[in-house]
Amino acid sequence: MKLTPLMGRRALLGMMGAGITGASAMPLWAQEADPTLETQDDMAAAREMVEMVMGDPDAPIELVEYASFTCPHCANFHMNVFPQIRANYIDTGKLRLVYRPVYFDGPGLWADMMARCAPSERYFGIVSMLYEKQSEWARAATGAEVAQNLLAIGRLAGMQDDDMTACMQDEDFARVLIESYQTNATRDNVEGTPSFMVNGEPMGNSAYATFAAMFDEILGG
């Protein structure tokens, strides 16, 4: 998917709240803020921005992926290419993945907020479910339906509705994620998704064989 020019945080938050109506819709920017959220086990403090990384931190290859949870090309990569990369390079200690979500729209942001609400060791399992079920949850007619679909996926990962709702209502958390996305995408000149960087060098979406050839060259094999 092609990126549109980066907008300010306020514009992104406004865009992401558009079209969400009804009390069943979770995202805060469509509703009044809940003043009790700041005292619920210091949840906001726990939701600081962290890089989502899979693999050995000392691996000789770093693959940075920029992807949107609502991007069909990203879903195709995660279902058809990434499993081979994981089996042959991540699980063998040769590569670490740094996953950086791109926020084209509200549903993509809500999906990441929901996934980050889980313990960090469950994050990539939820990522897999989000891509596998993308055609089901992301194509709902309304924002409220999208939010309910995301709750259903979170339940499969053992999460509680109240916890997920609190995460998806946290406007400060959303601002932190958006700011990080904008900073990273601008610095790395990301123009579409999925986009990749291999040890700091940009790489476009490719077949597994292309990734493997590049990785093997770096490894000297």
Side-chain angles (χ1 to χ4, degrees), residues 16 26-28 37 40-59 62-71 74-103 105-138 140 145-178 180-181 184 193-194 196:
M16 291 169 183
M26 254 62 68
L28 174 64
L37 288 179
Q40 292 175 358
D41 299 324
D42 295 325
M43 294 183 76
R47 296 181 201 137
E48 60 187 16
M49 179 62 196
V50 296
E51 291 271 44
M52 308 311 295
V53 180
M54 176 190 292
D56 186 342
D58 296 322
E62 178 184 78
L63 176 66
V64 177
E65 176 190 1
Y66 285 94
S68 166
F69 285 115
T70 58
C71 162
C74 302
N76 180 69
F77 170 80
H78 272 268
M79 290 187 289
N80 298 308
V81 178
F82 180 69
Q84 298 176 79
I85 292 176
R86 179 170 185 174
N88 295 326
Y89 294 95
I90 297 177
D91 292 347
T92 57
K94 301 172 184 175
L95 181 149
R96 68 181 175 277
L97 171 73
V98 180
Y99 181 78
R100 292 177 180 164
V102 170
Y103 308 124
D105 47 37
L109 173 62
W110 310 331
D112 192 38
M113 294 174 77
M114 182 274 288
R116 287 173 182 271
C117 191
S120 58
E121 64 270 17
R122 297 187 199 172
Y123 180 81
F124 283 106
I126 297 172
V127 168
S128 294
M129 286 193 287
L130 287 167
Y131 282 122
E132 290 169 4
K133 297 177 178 293
Q134 183 190 85
S135 61
E136 301 172 21
W137 69 265
E145 291 175 2
V146 170
Q148 293 300 325
N149 290 343
L150 289 172
L151 287 182
I153 291 173
R155 291 185 203 110
L156 294 175
M159 299 167 66
Q160 300 298 313
D161 284 16
D162 288 348
D163 293 336
M164 289 186 284
T165 299
C167 287
M168 294 168 68
Q169 284 184 332
D170 191 334
E171 188 174 5
D172 290 336
F173 184 35
R175 287 196 177 97
V176 169
L177 294 178
I178 291 168
S180 177
Y181 145 62
N184 289 331
T193 58
F196 304 91

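Everything numeric in this text was worked out from a predicted model, so none of it was measured. Only this structure's heavy atoms are used, side chains among them; waters, hydrogens and symmetry mates stay out.
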Between [X] and [Y], which heavy-atom pair has the shortest distance, and what is it?
| X | Y | value |
| --- | --- | --- |
| Ala111 | Leu150 | N-CD1, 3.8 Å |
| Val146 | Pro107 | CG1-CB, 3.8 Å |
| Leu109 | Ala174 | CD2-CB, 4.1 Å |
| Gly108 | Thr70 | N-CG2, 3.8 Å |
| Arg122 | Ala157 | NH1-O, 2.9 Å |
| Arg96 | Asp56 | CB-O, 3.5 Å |

Discussion item. Which label fits Tyr103 and Tyr181: parallel for a plane angle under 30°, tilted from 30 to 60°, or perpendicular past 60°?
Written reply: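 Ring orientation of Tyr103 relative to Tyr181: perpendicular.
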
Worksheet entry | Parallel, tilted or perpendicular, as decided by the 30° and 60° cut-offs, for the rings of Tyr99 and Phe69 |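 Rings of Phe69 and Tyr99: tilted, 30 to 60°.
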
Can you tell if the side chain of [X] reaches within under 4.5 Å of the side chain of [Y], non-hydrogen atoms only?
| X | Y | result |
| --- | --- | --- |
| Phe196 | Val64 | no |
| Val127 | Met129 | no |
| Tyr89 | Leu63 | no |
| Ile90 | Phe82 | yes |
| Ile85 | Glu65 | no |
| Arg100 | Glu51 | yes |
| Met114 | Leu130 | yes |

What is the distance from atom [atom1] of [X] to atom [atom2] of [Y], rounded to the nearest 0.5 Å?
| X | Y | atom1 | atom2 | result |
| --- | --- | --- | --- | --- |
| Cys117 | Tyr123 | SG | OH | 12.5 Å |
| Met159 | Leu151 | CE | CG | 9.0 Å |
| Lys133 | Ser128 | NZ | OG | 12.0 Å |
| Glu136 | Asn149 | CD | CG | 8.5 Å |

Return yes if some donor-acceptor pair links the side-chain N/O of [X] with the main-chain N/O of [Y] below 3.5 Å, else return no.
| X | Y | answer |
| --- | --- | --- |
| Tyr131 | Phe77 | no |
| Thr92 | Asn88 | yes |
| Arg116 | Val50 | yes |

Discussion item. Looking at Gln84, I'd like to know if its CD atom is crowded, meaning that more than 12 non-hydrogen atoms belonging to other residues, nucleotides or ligands lie closer than 6.0 Å.
Written reply: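 Buried by this count: over 12 neighbours within 6.0 Å.
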
Discussion item. Any donor-acceptor pair under 3.5 Å linking the side-chain atoms of Gln134 with those of His78?
Written reply: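 No, because no side-chain N or O of His78 sits under 3.5 Å from a partner of the opposite role on Gln134.
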
Worksheet item: Would you call Arg86 and Asp91 a salt bridge, using N to O less than 4.0 angstrom?
Response: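 A salt bridge links Arg86 with Asp91.
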
